[in-house]
2 protein chains.
Amino acid sequence: MSKQVIRNFSAGPAILPPVVFERASEAIRELRKDGHAREADGTGLSILEISHRSADYEAINSGATRLCHEVLGIPETHQVLFLQGGASLQFVTVPMNLRQEGKPACYVDTGNWSEKAIIESRQLGETRVIASSEASKHDHIPELPSPEAYAGASYVHITSNNTVRGTEYAELPALAGDVPLVIDCSSHIGSRPMALSRVGLGYAGAQKNLGPSGVTLVFVRKDLLERAPAGVVPKYLRYATHAKKPSLYNTPNTFGVLVLKLMLEWLRDQGGVAAMGVINQRKAKLLYDVLEDSSLYTPHARPGSRSLMNVTWTLGGVAEGERDAMTKRLVAAAADAGLRNLKGHRTVGGLRASIYNAFPEQGVRELCEFLREFERTA
Amino acid sequence: MSKQVIRNFSAGPAILPPVVFERASEAIRELRKDGHAREADGTGLSILEISHRSADYEAINSGATRLCHEVLGIPETHQVLFLQGGASLQFVTVPMNLRQEGKPACYVDTGNWSEKAIIESRQLGETRVIASSEASKHDHIPELPSPEAYAGASYVHITSNNTVRGTEYAELPALAGDVPLVIDCSSHIGSRPMALSRVGLGYAGAQKNLGPSGVTLVFVRKDLLERAPAGVVPKYLRYATHAKKPSLYNTPNTFGVLVLKLMLEWLRDQGGVAAMGVINQRKAKLLYDVLEDSSLYTPHARPGSRSLMNVTWTLGGVAEGERDAMTKRLVAAAADAGLRNLKGHRTVGGLRASIYNAFPEQGVRELCEFLREFERTA
């Protein structure tokens, strides 16, 4: 009997391409001099034991930084940093670094993750929610209000893709005036071309499209680095501290940065974000089409706000009393068929398929087929 | 020609045992159900792609936590946490969480790392240096002053092993009264039995005896968790937040925690910290004996304060004008012989051999032989 193919729909940490698993595994046995390629000379050491001050690691660090500019399209006006603590630590450091006296921090509330960001900001100073989709269970990306609503703000923060509710900004907003836009792009960076020149500061936990957990990508317009007063914000929490010797102020997650580099090389080899955007559009459309055509499934997010990365839906076509039991049955039957981790986020229930860059189109087709069959026999 | 054996004296990230490299590499290809063992069933997934909310990861997280108590000897009265950001972030969160109104934070200055901790503490409130070895280039662990010096303090902070200058507390101090002792034990935790019941809070970057970079072990007496006022300290930076759902408040460095678990299993299989302490005493003595017997080499640290983990010395036996050039020659000749990374910390120069738990005794013997031969022919 041939081994069952497993399709991992986990929202993150999430599936990586086979070549990245392969090279990461190899680098633990012995790091190659160029960071990974099998043809190159070995260093004689594992990636796990090399100093972050060594020439071999410096090459990984600077190579990964370069790829962030070249492959992700981060403008040269921005400083790239590989930090730790996930998006959750950024919820704290963004207001610490960017808030200015007497200027409120403005947030758009699109659910779970923006709410966590808002909580941290509120504790640190005046915080204004300028748009929210809460009233309709965060089923869409709300319109930005007119510029008067955020004029004079320290910054405007958005969660540009929302894993829990499955919504995404189809395009990053262009703010009026000189108010910096801050984006939490953890769950869709690298998935398609984005107008990153509109962004003052962006951050992303790596564990979706950029590799393993434990690395946070931050990119920040260089003129914003020094906004945080030196004697007030703790040294470790100032972006300027980490920018001085980029990503080497203290010991980074060296293995994580290597895997991030491998991910960006893979993305480049696929044709970069332009090619990836086309593939991701196609993958998501397959699934949304099945949900739209169905009388059992109801997509959660409204058209125009639908995430290409996290597709969320409920069993809207059955009576409420039976919904939870049938949802459980679906998740279990899918897992039996090798289609794993389709349960919605624990705070909202329902179903979710996370189909990041590394998730193969064939796996999406298998899920579509499964869902049609489940509906037919339900 | 047989391949040269490489001896990696890096101060961290540092060498891990071969079995840990092997199992970590394997877990990237496919995680086994018990976290690593080859005999157990495969999960069908890589450690890099599994959710931190999955049962497989929960087993790794709780297994690693248990081993911290059982193998490292962390008392059950203490909460174990796996965090991110290294010791450098702890320099900030310790004062944020433990400082009390009107009670100074007290520090012992034993060089580089304690100085960084002191800088962060000073920014956050009244900070008192109650002992220092600065006047003699941090060549020893200073005596603690009498209890009056720290009576009424929020806490007393020490760096219990100092990688840069190569000094170590032979025994953890027992403070008078109810002032909590805080230890940065990054570079020697797990190396020998320690009186951890004397400790209020301990922290350690994992990249020496506990595994890869990107994980920070924190253990904190449970009655201290709630010292930080909830509405004042940012939620993410409060230990209480991470204790509520231990180490799973946000996405942890999942791979890093797995490797930490593998390291602790290896340590257990060696006979634990008791057996390891005997081995480490023997390893360090070999090297200090060579340095003491020599007219070329001068150990930096005074007897009684010498680190078993980081052995530091200078070429005291040659004229100052020739010292730097000869030091460079030694480092280069050693590297040619496979003995790598003997250069002292960039801020102090000289020579340093880091011989953590995983560094084999045979490698120390090879270094001793090399040093004797270098002196003979110098």
Side-chain angles (χ1 to χ4, degrees), chain A residues 3-4 6 8 10-16 20-22 24-26 28-29 44-46 48-54 83-89 91-92 96 116 119-120 123-124 205 207 211-215 231-237 249-256 259 340-341 346, chain B residues 3-4 6 8 10-16 20-22 24-26 28-29 44-46 48-54 83-89 91-92 96 116 119-120 123-124 205 207 211-215 231-237 249-256 259 340-341 346:
Chain A
K3 205 176 161 188
Q4 188 186 46
I6 294 174
N8 178 16
S10 172
I15 184 174
L16 309 183
V20 172
F21 287 142
E22 184 67 28
S25 177
E26 169 68 24
I28 288 178
R29 287 173 203 273
L45 297 174
S46 164
L48 299 185
E49 67 177 310
I50 66 165
S51 166
H52 56 297
R53 309 278 173 210
S54 66
L83 304 178
Q84 298 179 56
S88 298
L89 181 51
F91 298 163
V92 180
M96 272 188 175
K116 284 175 189 260
I119 286 171
E120 296 286 18
Q123 202 155 296
L124 290 159
Q207 65 271 14
S213 60
V215 181
V232 177
V233 176
K235 192 172 176 192
Y236 182 81
L237 299 178
Y249 171 67
N250 70 325
T251 316
N253 176 350
T254 48
F255 173 75
V259 181
R340 291 205 204 162
N341 300 316
R346 65 195 188 290
Chain B
K3 207 177 161 188
Q4 188 186 44
I6 295 174
N8 179 16
S10 173
I15 185 175
L16 310 184
V20 172
F21 287 143
E22 184 67 29
S25 176
E26 170 68 24
I28 289 179
R29 289 174 202 271
L45 297 174
S46 165
L48 299 185
E49 66 176 313
I50 66 165
S51 167
H52 56 298
R53 308 279 172 209
S54 65
L83 304 178
Q84 298 180 56
S88 298
L89 180 52
F91 298 162
V92 180
M96 273 188 175
K116 285 177 188 256
I119 286 171
E120 297 285 19
Q123 201 155 296
L124 291 158
Q207 64 272 15
S213 60
V215 181
V232 176
V233 175
K235 192 172 176 193
Y236 182 81
L237 299 177
Y249 171 69
N250 70 325
T251 317
N253 176 350
T254 48
F255 173 75
V259 181
R340 293 204 201 162
N341 301 316
R346 62 194 190 289

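Reminder, nothing fancy here: chain letters follow the sequence lines and each chain counts from 1.
Partners of S25(B) under the side chain to side chain donor-acceptor pair (under 3.5 Å) rule, at least two apart in sequence or in another chain, are S25(A), R29(A). For the side chain to side chain donor-acceptor pair (under 3.5 Å) test, no residue two or more places apart in sequence or in another chain qualifies with Q84(B).
Across I119(A), V232(A), L16(A), the residue that shares the most heavy-atom pairs under 4.5 angstrom with chain B is V232(A). Taking G211(B), P13(B), G256(B), A11(B) one by one and counting their heavy-atom pairs under 4.5 Å with chain A, the maximum is reached by P13(B). Most heavy-atom pairs under 4.5 Å with chain A, from the set G12(B), G86(B), A87(B), G231(B): that is G231(B). The greatest number of non-hydrogen atom pairs below 4.5 Å with chain B, out of I50(A), N341(A), V20(A), is found for I50(A). The greatest number of non-hydrogen atom pairs below 4.5 Å with chain A, out of V215(B), V92(B), N8(B), is found for N8(B).
In this structure, chain A has heavy atoms under 4.5 Å from both the backbone and the side chain of I15(B). Contacts of V233(B) with chain A are made by backbone atoms alone, with heavy-atom separations under 4.5 Å and no side-chain atom involved. With a 4.5 Å cut-off on non-hydrogen atoms, A14(B) touches chain A through its backbone but not through its side chain.
In this structure, F255(B) and P212(A) have side chains that are not in contact, with every pair of non-hydrogen atoms separated by 4.5 Å or more. Between L89(B) and L89(A), the closest side-chain pair of non-hydrogen atoms falls below 4.5 Å.
The CD1 atom of I6(B) sits 5.0 Å away from the CG atom of L45(A) when rounded to the nearest 0.5 Å. Atom OG of residue S46(A) and atom CD of residue E22(B) lie 11.0 Å apart, to the nearest 0.5 angstrom. To the nearest 0.5 Å, the span separating CE on M96(A) from CG on L237(B) amounts to 6.0 Å.
Exactly one residue among N250(A), T254(A), N253(A) makes a side chain to side chain donor-acceptor pair (under 3.5 Å) with S213(B). That residue is T254(A).
Here the shortest heavy-atom pairing between S10(B) and S51(A) reads OG-CB, 3.7 Å.
A distance-only check finds no donor-acceptor pair linking the side chain of Q207(B) to the backbone of T251(A) [under 3.5 Å]. In this structure a side-chain-to-backbone donor-acceptor pair under 3.5 Å is present from Y236(B) to G85(A). Side-chain atoms of E120(B) do not come within 3.5 Å of backbone N or O of P234(A) as any donor-acceptor pair.
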Exercise for review: Give the intermediate values and the outcome of side-chain contact (heavy atoms from CB on, under 4.5 Å) for residues F21(B) and E49(A).
Suggested key: CA-CA 10 Å; F21(B) 287 143; E49(A) 67 177 310; 3.8 Å; yes
